[in-house]
Amino acid sequence: MARILLILPDQDQRSALDRILAEGGHDAFQTATAVDARPLIESGLYDLVMLDPELPDQDGFDFLRDLRAGNKRQPIVVLNRYARVATTLLAKGLGASGILTMPFTRGEFFMTIDDAIAA
């Protein structure tokens, strides 16, 4: 069981992923903004962060860049909502542990999470 922080602006999406994670035996914690996520990540309580690059208060890629600049080796999976190659390349270049392109299957979802945590 992993503790996973969901940083997603859309409440419905957070709730859906929370439910899927719970069904898979994981504990999910939710926030919608970078400012709320920072202290949670710094607490060191989470095994994985799932990040939407379109946050309301900060560009998600800038947020990822900031985390990596601070030597945060926290596994981070970036959600690629629009299946853009540029999003995947940018996220990988900034040190994302995984990319989850929407729509995805349950199998892809859990495989991406497991791979990121294991890396």
Side-chain angles (χ1 to χ4, degrees):
M1 172 174 51
R3 294 172 54 93
I4 299 172
L5 178 61
L6 303 172
I7 310 171
L8 310 163
D10 184 90
Q11 175 61 50
D12 292 337
Q13 189 178 46
R14 284 195 316 270
S15 295
L17 293 182
D18 186 289
R19 188 175 53 256
I20 293 168
L21 287 165
E23 290 169 3
H26 299 290
D27 288 329
F29 302 85
Q30 304 178 22
T31 187
T33 65
V35 72
D36 291 339
R38 281 184 197 284
L40 297 172
I41 293 170
E42 290 170 4
S43 75
L45 296 175
Y46 303 97
D47 302 303
L48 176 83
V49 172
M50 297 194 81
L51 173 65
D52 185 324
E54 296 183 21
L55 299 175
D57 61 336
Q58 182 180 3
D59 178 82
F61 294 116
D62 289 339
F63 184 66
L64 177 58
R65 185 179 292 113
D66 292 347
L67 291 175
R68 291 303 185 226
N71 293 321
K72 297 286 183 190
R73 298 297 10 135
Q74 178 78 52
I76 299 172
V77 171
V78 173
L79 296 175
N80 186 352
R81 246 192 275 185
Y82 304 108
R84 294 182 182 141
V85 173
T87 299
T88 297
L89 293 174
L90 181 56
K92 289 259 186 206
L94 293 173
S97 308
I99 311 296
L100 194 56
T101 300
M102 297 174 135
F104 50 81
T105 66
R106 276 178 81 89
E108 291 169 322
F109 181 71
F110 286 113
M111 183 173 58
T112 302
I113 288 169
D114 293 343
D115 288 350
I117 292 171

Problem - Contact check, side chains of I4 and D47, non-hydrogen atoms, under 4.5 Å - result: no

Practice task
Give a yes or no on whether I99 and M111 share a hydrophobic cluster (residues Ile, Leu, Val, Met, Phe, Trp, Tyr; joining criterion: side-chain heavy atoms under 4.5 Å apart).
Solution key: no

Problem - Interatomic distance, M102 atom CE to R81 atom CZ [nearest 0.5 angstrom] - result: 7.0 Å

Problem - E108 side chain vs T105 backbone, donor-acceptor pair below 3.5 Å - result: yes

Got a list of side-chain donor-acceptor pairs under 3.5 Å for residues 87-96, not counting sequence neighbours?
unit_1	atom_1	unit_2	atom_2	d
T88	OG1	N80	ND2	2.9

Handout entry: Side-chain donor-acceptor contact under 3.5 Å, R38 with Q58
Key = yes

Practice task
Say whether L17 and I117 are linked into one hydrophobic cluster, either directly or through other cluster members, by side-chain heavy-atom distances under 4.5 angstrom.
Solution key: yes

Exercise for the section: Find out whether I7 and V49 are in side-chain contact, i.e. whether some heavy atom of one side chain is under 4.5 Å from a heavy atom of the other. Expected result: yes

Exercise for the section: Give the other cluster members for V35, using side-chain heavy-atom distances under 4.5 Å between Ile, Leu, Val, Met, Phe, Trp and Tyr residues; answer none if it is isolated. Expected result: none

Practice task
Mind telling me whether F29 and Y46 have parallel, tilted or perpendicular rings, with 30° and 60° as the class edges?
Solution key: perpendicular

Practice task
Using the rule that two of Ile, Leu, Val, Met, Phe, Trp, Tyr join whenever any of their side-chain heavy atoms come within less than 4.5 Å, decide whether L67 and V77 are in one cluster.
Solution key: no

Exercise for the section: Decide whether L21 and L8 are clustered together by the hydrophobic rule: side chain heavy atoms of Ile, Leu, Val, Met, Phe, Trp, Tyr closer than 4.5 Å, transitively. Expected result: yes

Fill in the blank from the handout: Heavy-atom nearest pair, P75 first then A116, reads CB-O, 3.6 Å

Handout entry: Where S97 and R68 come nearest, the two heavy atoms and their spacing
Key = OG-NH2, 3.6 Å

Problem - D36-T33 side chain donor-acceptor pair, cut-off 3.5 Å - result: yes

Problem - Closest heavy-atom pair and its distance - A28, L6 - result: CB-CD1, 4.1 Å

Exercise for the section: Just do the side-chain contact (heavy atoms from CB on, under 4.5 Å) check on Q30 and Q13 with the steps written out, would you? Expected result: CA-CA 10 Å; Q30 304 178 22; Q13 189 178 46; over 6 Å; no

Exercise for the section: Look only at the side chain of R3 and the backbone of L45, and say whether a donor-acceptor pair between them is shorter than 3.5 Å. Expected result: yes

Handout entry: Path from L55 to V78 over hydrophobic side-chain contacts below 4.5 Å
Key = yes

Handout entry: Closest heavy-atom pair and its distance - P9, E54
Key = CG-O, 3.2 Å

Problem - Beyond-backbone contact of F104 with T112, side-chain heavy atoms, under 4.5 angstrom - result: no

Exercise for the section: Answer with yes or no whether the side chains of Q11 and S15 bring together a donor and an acceptor at under 3.5 Å. Expected result: yes

Exercise for the section: Find out whether L100 and M50 are in side-chain contact, i.e. whether some heavy atom of one side chain is under 4.5 Å from a heavy atom of the other. Expected result: yes

Exercise for the section: Answer whether the closest heavy-atom distance between the side chains of L48 and I76 falls below 4.5 Å. Expected result: no

